[in-house]
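Following: one structure in structure tokens, then a few remarks.
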Amino acid sequence: MKIALDLMGGDNAPKELLAGAIKWLNEYDTGQIILVGQQEVMAAELSGCTYDSQRLALVNASQVIEMDESPATALRKKKDASIVVATKLVKEGRADAVVSCGSTGAQMAAALFILGRMEGIERPPIVVAIPSRGSQPTLLIDAGANVDCRPLQLVQFARLGRAYARGVLNIENPRVALLNNGEEEGKGNNLTTQTYEILRQQKNINFIGNLEGRDLFNDRGDIIVCDGFTGNVLLKAMEGMAMFLAAGIKQELGTIPSAFARLDYTQIGGAPLLGINGISIVCHGSSRREAVCAGLAIAAECINNNIIAQQLQELAELS
Amino acid sequence: MQEFYAQARKILAEQLEIELENIDMDTKFEDINADSIDIVEMIMALEDIYDIEFPEEDLEEYPTMGSLVKALYQYLKQAQNES
């Protein structure tokens, strides 16, 4: 197993990303990491570090795509950017997955243009597993890759969510819901009302209607579909709320219940982009070593679960 | 130019799942919810059709269909004349 890590992307690159990579190498017995970044920066950061050199390779990439750049334009201009080079390693079969804490838009564009989309999928969404009261997590999809979406794209997210839930979580007939500001049919904006109409006509999707944000935790649906703007705002609000509550509880009781740890974004690594022909794990821009290590672990999990083949098989059954 | 424009228009309309009539030379990309990925995909599709690689321009400089198509077509003609 080989995982390409974009060492130049993110608020804490490259130091914390490198520390996360070394932490992963120390915690897991198998697998190799390919660090992708500016050679001189990597060499300088690695000097003095203790690691298994057999399991750490370096690939040079001279450019970096900054957070404020237009993703698609930057991708065309910066052909030697770390996210481009790292994604190409996956395309060429030299890596099994790519992990990045850099610009989500650039990572999504790289995945789309370099790895290519699965048939019937326009844009890759991010799927995040939210802890719930049920035995399985609730899948929030899209958690931030696509700020503006069209109704058919949300329907495609539902298909991908179904494929992921069936293939990876072994949920036979996952319940698909649309995130909305009310449960009643007809609630919401143009996007949700139009999506609702299309979703309920899908014979192979177990569409259960609208759910509200609070239902993410109540085991009322297995997959909650929304546009990436809404999903990202919701995700970060949840993270903020979890941190706020955890801090209050710790102040009162001196300890934090484990349920809160599962929502601690500083520890949670990342989430895969779905619908593309390769594994690409999106991590928080603010990731530190723990989150980077967890992101690499999620990449390994996706490789072991063969999520690409799972999605392709499920999508083929739906078509 | 007309054929090139027609190709570009058709590609973009299909990508955005909108009617051709919604796109003309004066159409602003933001008014039809075409983001930079949609525009780059259209450019890449044109590159495949005409077997050419367009220069990596700042898309912000071309806010309308007409301004982008004219720039691309100008580059295409220039490349064809040079070859």
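Each chain gets a letter, A, B and so on, in the order its sequence line appears, and its residues count up from 1. Since the structure is predicted, the reported quantities are computational estimates derived from the model, not experimental observations.
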Is [X] close to chain A through its backbone or its side chain, or both, or neither, when contacts mean heavy atoms under 4.5 Å?
{"X": "Asn33(B)", "value": "backbone"}
{"X": "Glu60(B)", "value": "side chain"}
{"X": "Ile39(B)", "value": "neither"}

[X], [atom1]: over 12 other non-hydrogen atoms inside 6.0 angstrom:
{"X": "Glu19(B)", "atom1": "CD", "value": "no"}
{"X": "Glu197(A)", "atom1": "CD", "value": "yes"}
{"X": "Gln80(B)", "atom1": "CD", "value": "yes"}
{"X": "Asp80(A)", "atom1": "CG", "value": "yes"}
{"X": "Asp48(B)", "atom1": "CG", "value": "yes"}
{"X": "Gln74(B)", "atom1": "CD", "value": "no"}

Item to check | Close side-chain approach of Glu122(A) and Ile37(B), heavy atoms under 4.5 Å | outcome: no

Item to check | Side-chain heavy-atom pair Arg150(A), Ile18(B) within 4.5 angstrom cut-off | outcome: no

Tell me, for [X] versus chain B, whether the close heavy atoms (under 4.5 Å) come from the side chain, the backbone, both or neither.
{"X": "Arg76(A)", "result": "both"}
{"X": "Lys79(A)", "result": "side chain"}
{"X": "Leu75(A)", "result": "neither"}

